[in-house]
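In what follows, every chain begins at residue 1, and chains take the letters A, B, ... in the order their sequences are listed. Note that the structure is a prediction, hence the values are computed from the model and not measured.
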Amino acid sequence: MEPGVASGLDFDSSVIAVAVEKSNFILSLLGTLCTVSVPRRLLHFCDQTGTEAQMNLSRITGDENDCRSGSDNLETVSGDDVDQEQNPRKKKKRYHRHTPQQIQELEAYITYRYFPDCPHPDEKQRLELSKRLCLESRQVKFWFQNRRTQMKTQIERHENAILRQENDKLRADNMAIGEATRNPVCSNCGGAAMLGDISLEEQNLRIENARLKEELDRLCALAGKFLGRSTPCFAADNIDVAPPPFPRSLLELGVGSNGGFAAGLVPPELFPPTPATISPLHGGGAVAHLTSSDRSMLLELALAAMDELLTMAHMDAPLWIRSSDGSAEALNYEQYHRSVSRIAGLSPAGFVAEASRQTGMVIVNSLALVETFMDSDRWANMFSSIVAKNTTVEVICNGAGGTKNGALQLMRAELQVLSPLVAIREVNFLRFCKQQAEEGTWVVVDVSVDFIRENASSGSSCRLMPSGFVVRDMPNDYSKLVWVEHAEYDESQVHLLYRPLLRSGLAFGAGRWLATLQRRCECLAILSSASNLDESGTITASGRRSMLKLAQRMTEAFCAGVCKSSAHEWTKLESHSIGPDVHVMTRKSVGDPGEPAGVVLSTATSVPLPLISPKRLFDFLREAGLRSKWDILSNGGPMYEMAHIAKGQAAGNAVSLLRASAVSSNQPSMLILQETCADASGAMVVYAPVDVPAMHLVMNGGDSAYVALLPSGFAILPDGGEGSLLTVGFQILVNNQPTAKLTVESVETVNSLISCTVQKIKAAVFHYGD
DNA sequence: TGTCTAATCCCGA
DNA sequence: TCGGGATTAGACA
């Protein structure tokens, strides 16, 4: 039988079905495509409705699809092979698509062998692929050519979007500046400014000058007190400013005239608003005016706190009792009250104490460490999983002789455990840094400012007893730390599930701070070493940096969605359709290129997994091949790790890029950025779907700030026994219009998503690792 | 009407 | 001759 003449079995069903549907064109189409021989069955279909025709077609052709793509099949039918051979350029186009399987294989080829470089197989590889996929070699060539063009246009489009955003921003800035120029406002009185009187620059200089004078004033007053020597930086004309008389003791301060300000907030008496001296400070706070006597009190508190910390750091038994396995130390409170001249008075009713001490080596030198601690931005960055928000309210002293020795600052921070069931801890504290007599040894101490008032129980849910560390330089850029954390907090704000964890000090204790510091410093050390390459070796150094930066932003965004801190404008939702321990928050996302615009819903919950160790749970969740057990993004198939950047010696600390199997040829294969971190105190797996072209840019060292993502993930904490506490958090764009109202359906959907995921994990992890 | 995709055309190395 | 950019044309939302 002549191929295609009568059987009709070799037709590509889509071609025919469409031809049938478009009955208006059918005759001309047939005239063009099948000039020589039109199969009878096809003509028969023309009398049917499109649907019927399609159904019949699938019945006829369905089982006989070989693996060749449609074009091959149609060509055998067209019958104009002779014409084509004579004049190949006039060959008519025949629509077809490669099969999903073919496309998936071709995509996989790009992903594994060439990503993120330009996918470019040579002739031999193309031949091999074409044989495997039953395609012509040139079809494979075309496919790769088109794919490259496509990626290029996607990247171009993405870059255009970025440029447009930047342009809009500049235009808005420009308009704002124009507006400000038209209506100038006096920065002193707030009234309309008289232009020409004084230039803006001069005015700024005068304000700056006044501020500097005041700071110098302050330093002079402090210098003699706690450094015991004058330094060149104080050699100014007003060095003889008399220091205010010191109160005799802190207890005396507590009952003094300053009692009565609301605890938990910076006392208004300490910081009366004096507009002339308020100026912006990095970190978002404002410099408030402290009187000399305020500063003296704070200094006295800092010195006393440092004494207490040193005692706590240096004394061993009987003050600290080591656990039987030697891993942790517990404070002997009886001994504590005997041997430590405690700053704090009685604990407020309902408050419980937690105290912990941990010793360890960290790959950082003491100078770099204290510099980090005295810079609030760097400190928050170092401990981004613990510090939800922080501001330096006032730098009381910058330190002497160009170092941080004697540096004292008033800070405010919100500390978190990654669970919606544990309230954020707000602390207002002093941070004081001092070099010890021994070379290369420093102490940094934090203490709540709540203690300089009589009754500290009104409002504040946590007060920091002297906490901090003693650090001593060791060889090879390592240092040895003794870390002490001591706090009193209102336990009623903590879910029953987490109370043992907090009491043990595993949540906010020295172990968690030190383990986090060790992990972060190791990561920084590895990143600065030249040997760090991703496993495939294809990502450039700048690409790695961009990827890590993006991953860090993702993880920070994840942490911000689990607990409600004041740093982010989340609105908590209450609804009967939300489970009892599930927290749902929402916010509008507008104008941040780092996330999609619209209504974002964040949902989080924590569940106990009593028989599963944190390590087992972590290994299960971070394994790409096991994601299909719980992740709806995996499309039910396994995921593959395409790129891997190690952040530490331990296998669990890494940033990786995962790829899911595509569902169909139309759906571009999706990428998932994943950051995993684990240390002695707990672990995290955070991930977000990312756009392929955007990721391509990042991996080539492009700016990651414009990659829009919404993170989801897990935080794993030990439950104090053998098991784990698992926090699951999702952030989902429920509507891409920021003004849209949130619907009950969206809330119910995320609610069922989270409970379903938890159930799947529970079921699967139980059998994992057996 | 715009986008996606397989294929074609054409140019330069 | 080959690869890449530009272009085309059918399908589809």
Of all residues at least two apart in sequence or in a different chain, which pass the side-chain hydrogen bond (donor to acceptor under 3.5 Å, both in side chains) check with Arg622(A)? Asp619(A)

Starting at atom CZ of Phe144(A), determine the distance to atom C1' of dG5(C), rounded to an integer number of angstrom. 19 Å

So does Gln139(A) get a side-chain nitrogen or oxygen closer than 4.0 Å to the phosphate oxygens (OP1/OP2) of dA7(B)? yes

Which whole-number value in Å describes the distance from Leu135(A) CG to dA6(B) P? 10 Å

Classify the ring geometry between Trp630(A) and Phe714(A) as parallel (under 30°), tilted (30 to 60°) or perpendicular (over 60°). perpendicular

In whole Å, what is the span from the CZ atom of Phe142(A) to the C1' atom of dC9(B)? 10 Å

Would you say a side-chain N or O of Arg138(A) is under 4.0 Å from OP1 or OP2 of dT8(B)? yes

Rounded off to whole Å, could you give me the CD-to-P distance for the Glu136(A) and dA7(B) pair? 8 Å

The side-chain hydrogen bond (donor to acceptor under 3.5 Å, both in side chains) partners of Asn381(A) (sequence neighbours excluded) come to Arg520(A), Gln552(A)

dG3(C) phosphate, OP1 or OP2, under 4.0 Å from Gln145(A) side-chain N/O: no

Closer than 3.5 angstrom, by distance alone: can the side chain of Ser656(A) be matched with the main-chain N or O of Glu641(A) as a donor-acceptor pair? no

How long is the line joining CH2 of Trp143(A) and C1' of dG4(C), in whole Å? 17 Å

Whole angstrom value for the distance that separates P of dT3(B) from CG of Asn146(A): 17 Å

